[in-house]
Structure formats: C-alpha cells, structure tokens
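See below for the structure under consideration.
Both counts, for ligands and for their atoms, begin at 1 and track the order of listing.
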Amino acid sequence: MSTQFDAVVIGAGFGGMGAAIQLRRLGYDNLLIVDRESDLGGTWHVNRYPGLAVDIPSATYSYSFEPNPNWSRLFAPGAELKRYATHVADKYDLRRHMRFDTAVTGAVWNEERAHWAVSFDGGDQVTAKYLLAATGFLSQPKTPDIEGIDSFAGKIIHTTAWDDDYDLTGKRAAVIGTGATGVQLIPEVAKKVSELTVYQRTPIWVSPKVDFTVPKAVRRLYAALPFTQRIARLAGTAFLELLMVTGVLHYRQMPLANKLGERLCRRHLARQVPDRELRRKLLPDYSFGCKRPTVSNEYYPTFTKDHVHLETTSISHVDAKGIVTEDGDRRDIDVLLLATGFDLWQVNFPAIEIIGRDGRDLGKWWRDNRFQAYEGITVPRFPNLLSLNSPYSYSGLSYFTTIESQMKHMDRLFTSMKRRGADVFEVTERANDEFLARMTEKVGDSIFALGECGTARSYYFNQHGEAVLLRPTSTVNAFREASRFPVEDYAYA
Ligand code: NAP
C-alpha cells in the first residue's frame with residue numbers, strides 16, 4: 001500500500017490554511033485538507049451570531065503576508081473574516097485540496113510504512129506522510145449540563161449554530177453565558193426582543209472599545225502602498241504584545257500594568273452603569289487577565305434598559321416553559337440562547353483520537369501525564385505529526401501570531417529534515433522535557449500563578465488547575481525560537 005498524500009491537514013480554518021500554504025512553499029503539493037463543516041473558514045464559518053466581530057484589530061488579525069486593505073472597521077465584523085478566508089483559499093489555490101463534510105475519527109501512525117492512516121466518519125481511510133491537526137482551540141461547543149434543558153419546549157440556539165431563519169423580534173429571550181461571545185451577542189439580542197434575561201455565573205472584565213470605520217481614503221492608501229498597512233499592523237501587534245507581556249505574563253516583574261488594565265475596566269463600568277447594585281453584580285472578583293477580557297461599549301449599557309434583566313442566582317433547572325433559579329424564581333421564555341462557549345480540556349486536546357508510536361494515545365498520554373508539546377507543536381512518539389493546537393502553543397493575543405510562528409517552525413523543521421535526506425521527524429524526549437520545564441517555570445511569573453484566579457473559571461486552566469494553554473513568553477521569543485530552535489531537538493530518519 002503506497003502512501004496517498006504528502007500530508008493530511010485536519011481543519012480548513014486559518015490555522016489549517018496557514019499550514020497548507022507553508023507545506024506548498026516547502027514543495028509538498030499532494031495535500032488533503034479535510035473539514036467536518038461544509039465550507040472553509042473554521043471559527044469564521046461556524047459562528048454567525050448577531051454582533052459577531054473580531055476583538056483584535058483586523059490589520060493584526062490576518063496573515064502578515066496577505067494584508068487585506070478592505071477591512072471596513074478597525075474591528076471587522078465576522079462576515080468579513082469569512083470573506084477574507086475565502087479570498088486566501090482562492091489566491092493560494094487551496095480549495096482544490098479541500099474536502100468538506102468530512103469528519104476525522106482518528107489517526108494511527110504506521111511504523112512499518114512510516115505514514116499516518118487517517119480514518120473518516122463513515123469508514124473511509126487515507127494515508128499520508130505527515131499529519132497536521134489544525135482543529136482549533138474553540139471548536140467543540142459546550143452545551144450546559146443543566147437539569148431539564150432537554151425538556152424546554154421553546155427554541156434553543158447555541159451561538160455556534162445560529163439559526164438565521166429564527167426571528168427574535170418581540171420574543172422573551174434568555175442568554176446563558178457572559179464570555180466574549182455573550183458580550184457581543186447580548187446588546188444585539190436586546191435590540192430585538194421584548195424581554196431579555198441574562199444568566200451570569202461569572203462576570204467578565206470589559207474595557208472600552210476604540211472602534212471606527214476605516215475611511216475609504218485609508219483603504220485606498222493601504223491598497224496602493226501596502227507598507228502603510230504593515231505599519232498599522234505593527235502598531236496593533238506591538239500594543240497587544242505590550243498588554244500581554246506586561247499585564248499577564250510578567251505580572252511578578254510588572255504588576256502595575258495589570259492593575260492599570262483592571263482600573264480601566266472598573267472606570268468603564270462605573271461610567272456606564274450608575275446603579276450601584278447592578279455594578280456590583282457586573283464586577284469580577286478575580287484578577288484582570290486570569291480569564292480572557294474583552295472590549296465593548298454597548299455591553300454594560302444594555303443592562304440598564306428596562307426590559308433587560310441580569311440574573312446572578314444559579315440556575316436550578318429548566319422546564320418546558322422556562323428557567324428556574326435556586327431561589328425558586330422562574331422566568332418563562334420563548335427562546336434560550338446558549339453563549340456557553342467551548343469544551344477545551346475534556347473533548348479537545350486532541351479533538352480526535354491520535355495514536356502514535358508504540359500505541360501511545362495522545363489524549364490519554366496528556367491526561368495521564370501533563371499536557372505538553374515541544375514548542376507547542378510536536379510530541380515525542382508522534383513522528384511526522386504537527387499538533388497545531390497544543391498546550392503552550394497559543395502565543396500572543398492574535399491567533400495569527402501563533403499560526404505564523406508555527407509556519408516558521410515548519411520551515412526550519414522540514415528544511416532540516418530534507419537536508420538530511422530524511423522524511424521522518426520526531427522530537428526527542430529530552431527537548432520536550434526541557435521545554436516543558438522551561439514553560440512551567442515561566443508560568444510562575446504570570447498572573448495565572450500569582451493573581452487571584454480561583455473564581456475566574458477560565459479556560460486558560462486545565463482540569464488540574466494548570467495554565468497550559470498560552471505560551472508564557474513574548475511573541476518575539478516564540479518567533480525567535482521557531483526560526484532558531486536547535487535542529488538536534490529532533491531525530492530524523
Ligand atoms: P467562554 O469565554 O468560555 O464563556 C462561556 C460563558 O458561558 C461563561 O460566562 C460561562 O460561565 C458560561 N457558562 C458555561 N456553562 C454554563 C453553565 N452550565 N451555567 C451557567 N453559565 C455557563 O466562551 P465564549 O464567550 O464563546 O468565548 C470563548 C472565546 O472565544 C473567547 O475567550 C475568545 O477567545 C473567543 N471569542 C472571540 C471573539 C472575537 O471577537 N474574536 C468573539 C467571541 C469569542 P463561567 O465563566 O462561570 O464558566
């Protein structure tokens with residue numbers, strides 16, 4: 001049985017497309033990019049809820065090598081991100097590699113043939129020299145395990161499965177969830193419904209959103225002189241980097257930056273919500289940065305409207321007509337909107353079953369040991385696997401920083417492998433152990449170790465209370481290591 005593909009890339013979002021572009025640059029053209037969805041774009045294909053927008057400046061939240069001069073706003077609406085993804089796929093000729101509505105069930109390394117066997121829902125199987133898992137961090141929607149939710153007779157919509165045909169006008173609605181998604185959704189829903197009750201378990205830190213329409217003249221300038229947009233990108237990246245490094249990662253050395261962030265959010269809340277009791281409910285009791293903060297100018301004022309209610313008593317159960325809280329109060333509703341986020345640590349990491357050398361099951365190994373991956377991308381005993389959504393892989397605030405540093409890692413790794421006339425790579429145990437020890441030590445300087453994060457319920461922490469999602473270094477460091485890591489950190493064959 002010969003190997004069918006150079007590589008299988010799982011996921012046709014920005015991560016998978018970036019990896020595929022890099023593989024093409026490295027000379028691998030026989031690619032299969034599979035996605036369980038019906039089209040490309042990942043998050044930006046799946047999410048279509050009202051209010052969806054990027055919350056990182058768009059010039060930064062895009063590939064550096066494919067600037068888009070047409071962003072309509074500083075923070076572009078979701079539909080523009082989807083259009084941008086389509087543009088990238090077409091321009092880089094990726095579509096011909098893509099197969100949609102194809103869910104991967106598992107992948108097994110075949111030691112003898114030195115390739116991956118990748119199985120699909122329905123029983124089909126393909127083989128590939130390299131496997132790239134680009135399934136995203138936020139791709140397994142979480143439906144809350146609330147008693148009686150299945151008995152609700154009205155409409156239930158999760159934000160990742162928005163029903164465009166359902167008209168919210170005049171309805172009695174409830175939203176569960178006040179993360180970044182809830183913050184975008186709630187003001188839009190409030191504009192349409194007759195009653196809205198928001199069930200908040202944990203408040204979120206919200207700072208002002210400095211957003212504006214990008215003037216046509218500026219867009220023309222970006223198109224005519226792309227370096228001007230690169231400057232805008234650099235400014236956005238530098239600002240985010242400063243925020244992340246000083247406010248979150250180096251809390252031990254610079255606690256002031258974090259305090260400033262918190263003060264900015266407190267002042268925003270105080271300015272927008274005059275009612276003391278409402279303000280108290282909306283104010284987080286955990287340190288700024290423990291959980292991903294967000295930006296909005298509309299979120300807080302929404303709660304001051306007469307038809308919007310903030311409920312902070314825990315939900316007891318749901319019945320056919322509505323929601324009952326622990327204190328016995330009930331609200332009858334027509335529609336229940338779930339902005340309840342994603343399951344990262346139980347069903348992700350990895351999103352599919354991956355069996356490497358000696359029968360090692362990646363998910364089981366991560367859970368029985370610690371969550372770990374060398375440079376957030378490779379794992380010992382998983383030859384020729386790039387696990388792009390691994391522990392310690394998320395670097396910086398814009399996901400594109402992660403994508404592009406991983407593209408650089410691929411470049412160095414594949415070039416070094418080819419130079420040796422090899423076609424198999426595997427990270428050494430030693431390199432992986434050293435990286436894990438280094439990251440563990442660095443997390444010790446961050447807000448995650450030193451702040452009051454106990455009540456944050458943040459997905460940055462795994463089930464053992466370890467903050468292993470984000471790479472606890474600057475993105476400058478991530479990029480430097482991606483293009484200079486010791487090539488002996490890998491074994492080649
Ligand atoms: P999230 O941050 O995980 O928030 C989920 C919300 O649902 C939380 O408030 C959570 O409360 C609540 N929840 C979950 N289960 C619940 C239950 N059983 N009972 C009551 N409440 C429950 O998810 P998200 O808001 O979808 O955001 C996830 C990430 O997506 C963001 O952090 C961000 O990285 C990304 N995002 C980005 C953008 C963008 O503009 N680029 C927009 C939206 C989202 P607890 O906190 O108490 O668990």
Side-chain angles (χ1 to χ4, degrees), residues 13-14 42-44 46-58 60-62 73-82 84 136-149 156-162 174-188 197-206 209 211 240 244 281-282 284-286 289-296 299 310-318 323-326 336-346 348 389 394 396-400 402 453-461 469-470:
F14 283 121
T43 288
W44 302 101
V46 169
N47 285 281
R48 294 185 322 274
Y49 60 83
L52 175 69
V54 68
D55 62 3
I56 299 283
S58 302
T60 299
Y61 192 88
S62 45
R73 304 186 65 81
L74 182 66
F75 296 97
E80 285 187 35
L81 270 298
K82 164 79 182 173
Y84 174 68
F137 294 106
L138 304 166
S139 50
Q140 314 294 343
K142 186 161 76 184
T143 305
D145 189 16
I146 297 173
E147 193 192 317
I149 197 161
I156 299 184
I157 307 178
H158 193 283
T159 50
T160 56
W162 197 256
V175 173
I176 301 180
T178 52
T181 301
V183 167
Q184 293 183 336
L185 176 76
I186 287 162
E188 295 306 311
T197 308
V198 175
Y199 290 83
Q200 171 192 272
R201 191 162 63 183
T202 310
I204 183 168
W205 288 110
V206 182
K209 183 174 185 179
D211 192 15
L240 295 174
M244 189 70 181
K281 287 181 174 177
L282 288 166
D285 63 354
Y286 56 87
C290 291
K291 185 179 201 155
R292 193 179 186 283
T294 192
V295 291
S296 175
Y299 179 64
L310 177 64
E311 182 57 72
T312 54
T313 310
S314 302
I315 296 171
S316 154
H317 62 276
V318 175
I323 300 181
V324 181
T325 39
E326 293 288 2
L336 173 55
L337 305 171
L338 300 176
T340 43
F342 304 87
D343 191 334
L344 277 86
W345 299 107
Q346 298 298 339
N348 229 345
N389 306 106
Y394 202 118
L397 282 173
S398 165
Y399 190 35
F400 283 82
T402 306
C453 292
T455 55
R457 302 181 72 106
S458 164
Y459 66 76
Y460 290 160
F461 293 82
L469 181 70
L470 304 183

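- The protein heavy atom nearest to atom 23 (O) of ligand 1 is Gly341 CA, 3.2 Å.
- The aromatic rings of Tyr286 and Trp205 lie perpendicular to each other, with more than 60° between the two planes, well past the 30° mark.
- What you find for Thr325 and Thr313 is that their closest heavy atoms are CG2-O, 3.5 Å.
- For Val54, the heavy-atom gap to ligand 1 drops under 4.0 angstrom.
- Proximity of Tyr459 to ligand 1 is established by a heavy-atom distance of less than 4.0 Å.
- Counting heavy atoms only, Thr181 comes closest to atom 44 (C) of ligand 1 of the residues Leu344, Thr181, Leu338.
- Distances between N or O atoms of Ala339 and those of ligand 1 include at least one value under 3.5 Å.
- The option from Ile176, Leu397, Val198 that lies nearest to atom 21 (N) of ligand 1, judged by heavy atoms, is Ile176.
- Checking each of Ile146, Ile149, Val324 against Ile315 for a side chain to side chain contact (heavy atoms under 4.5 Å, CB included) leaves exactly one that passes, namely Ile146.
- Trp44 approaches Tyr61 most closely through the heavy-atom pair NE1-OH, 3.0 Å.
- Using a distance-only test at 3.5 Å, with no hydrogens or angles considered, no donor-acceptor pair links the side chain of Thr159 to the main chain of Ala339.
- Among protein heavy atoms, the minimum distance from atom 9 (O) of ligand 1 is reached at Thr178 N, 2.9 Å.
- Checked against a 3.5 angstrom limit, the closest N/O atoms of Trp44 and ligand 1 fall outside it.
- For the residue pair Arg457 and Lys291, the shortest heavy atom distance occurs at O-NZ, 3.7 Å.
- Close N/O approach between Leu138 and ligand 1 is not found [any backbone or side-chain N/O within under 3.5 Å].
- Looking from atom 18 (N) of ligand 1 to the surrounding protein, the closest heavy atom is Pro144 CB, 3.3 Å.
- Note that CG of Asp343 and OG of Ser139 are 10.0 Å apart. Values are rounded to the nearest 0.5 Å.
- Residue Thr202 has at least one nitrogen or oxygen atom sitting less than 3.5 Å from a nitrogen or oxygen atom of ligand 1, judged on distance alone.
- Using a distance-only test at 3.5 Å, with no hydrogens or angles considered, a donor-acceptor pair links the side chain of Ser58 to the main chain of Leu74.
- At the top of the distance list for atom 46 (O) of ligand 1, counting protein heavy atoms only, stands Lys291 NZ, 2.5 Å.
- Each of Arg73, Arg292, Lys209 was scored for a salt bridge (Lys or Arg N to Asp or Glu O under 4.0 Å) with Asp55, with one residue passing: Arg292.
- A heavy-atom separation below 4.0 Å is found between Phe342 and ligand 1.
- By the criterion of a heavy-atom distance under 4.0 Å, the side chain of Tyr49, and not its backbone, is placed next to ligand 1.
- At the shortest separation from atom 41 (N) of ligand 1 among protein heavy atoms lies Asp55 OD1, 3.1 Å.
- The shortest N or O to N or O distance between Lys142 and ligand 1 is not below 3.5 Å.
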Phe14 vs Phe400, ring-ring contact (aromatic ring centres under 6.0 Å, His included): CA-CA, chis, key distance, verdict: CA-CA 8 Å; Phe14 283 121; Phe400 283 82; 4.9 Å; yes
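- Protein heavy atom closest to atom 12 (C) of ligand 1, with residue, atom name and distance, is Gly177 CA, 3.6 Å.
- Among all protein heavy atoms, the one lying closest to atom 40 (O) of ligand 1 is Ala53 O, 2.4 Å.
- Remark: minimum distance from atom 2 (O) of ligand 1 to any protein heavy atom is reached at Gly179 CA, 3.8 Å.
- Atom CG of Leu397 sits about 5.0 Å away from atom CD1 of Ile56, to the nearest 0.5 Å.
- When the options Arg457, Arg292, Arg201 are ranked by their closest heavy atom to atom 15 (N) of ligand 1, first place goes to Arg201.
- Considering backbone and side-chain atoms alike, Ala180 places an N or O below 3.5 Å from some N or O of ligand 1.
- The OH atom of Tyr459 sits 12.0 Å away from atom CG of Asn348, with the distance rounded to the nearest 0.5 Å.
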